[in-house]
Amino acid sequence: MLDKKVVELLNQQVNKEFYSAYLYLDFSNFYYDQGLDGFGNWYKIQAQEERDHAMLFVQYLQNNGEKVELEAIDKPGIVLESAKAVLGEGLKHEQYVTSLIHNIYDAAYSIKDFRTMQFLDWFVKEQGEEETNAENLVKKFELFGDDPKSLYMLDSELGARVYSAPSLTL
Ligand code: FEO
């Protein structure tokens, strides 16, 4: 049996991860509409990763005999102003998700829930990587986004991203 507060936060995280998937699918659609198919591909795969994250939280709750409570997923709430601005929003969103993961970790830590802390370790590392990726996208766009040829090459690079399943299995 897990602690009630920890279970509540884990359940909320299922919703947050599905929301992230929904948000990134919105980003992806935005880029496809702009003709930046590589950016569209990059965020479509990101959306897929977020669904994986949600399912890992579901699986962890179920592995511990806890009930999964699915809530409504909000409409993506970010105004997509420009190809560059969306990348900044992506970085901000990842920083927010990191704070959520840390918050659950904090709750688990305070009651010596070592099992949940160990589960969350993977997410702590993953968030570090996702923030770095999002930061790199922002930097690359700042460097190359204003030059059509460079932007074309950057878009091609992002178009080469392929999906791979999460390294965490439960
Ligand atoms: Fe699952 Fe990118 O946070």
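Ligands are counted one by one from 1 in listed order, and the atoms in each one are counted from 1 as well. Please read all numbers here as calculations on a predicted model, not as lab measurements. One-based numbering along the sequence shown.
Atom 2 (Fe) of ligand 1 lies at the vertex of an angle of 100° between the OE2 atom of Glu94 and the OE1 atom of Glu130 (rounded to 10°).
Ile45 and Leu168 sit in two unconnected hydrophobic clusters of ILVMFWY residues. Membership requires side-chain heavy atoms under 4.5 Å apart, directly or through other members.
Shortest distance from atom 1 (Fe) of ligand 1 to Glu50 is reached at OE1 (N/O/S atoms only). Nearest N/O/S atom of His53 relative to atom 1 (Fe) of ligand 1: this is ND1.
Judged by distance alone, the side chains of Asp52 and Gln48 never bring a donor and an acceptor atom under 3.5 Å apart.
Nearest heavy-atom pair, Ile101 versus Glu17, reported as atom, atom and distance to 0.1 Å: CD1-OE2, 4.2 Å. Listed here is the closest heavy atom pair of Val97 and Gln13: CG1-NE2, 4.0 Å.
Checking Glu49 against atom 2 (Fe) of ligand 1, every N/O/S atom stays at or beyond the 2.8 Å cut-off. Within the coordination shell of atom 2 (Fe) of ligand 1, defined by N, O or S atoms under 2.8 Å, Glu17 is absent. Metal site remark for atom 2 (Fe) of ligand 1: Glu126 contributes no N, O or S atom at a distance under 2.8 Å.
Between Tyr105 and Phe123, the gap from one ring centroid to the other reaches at least 6.0 Å.
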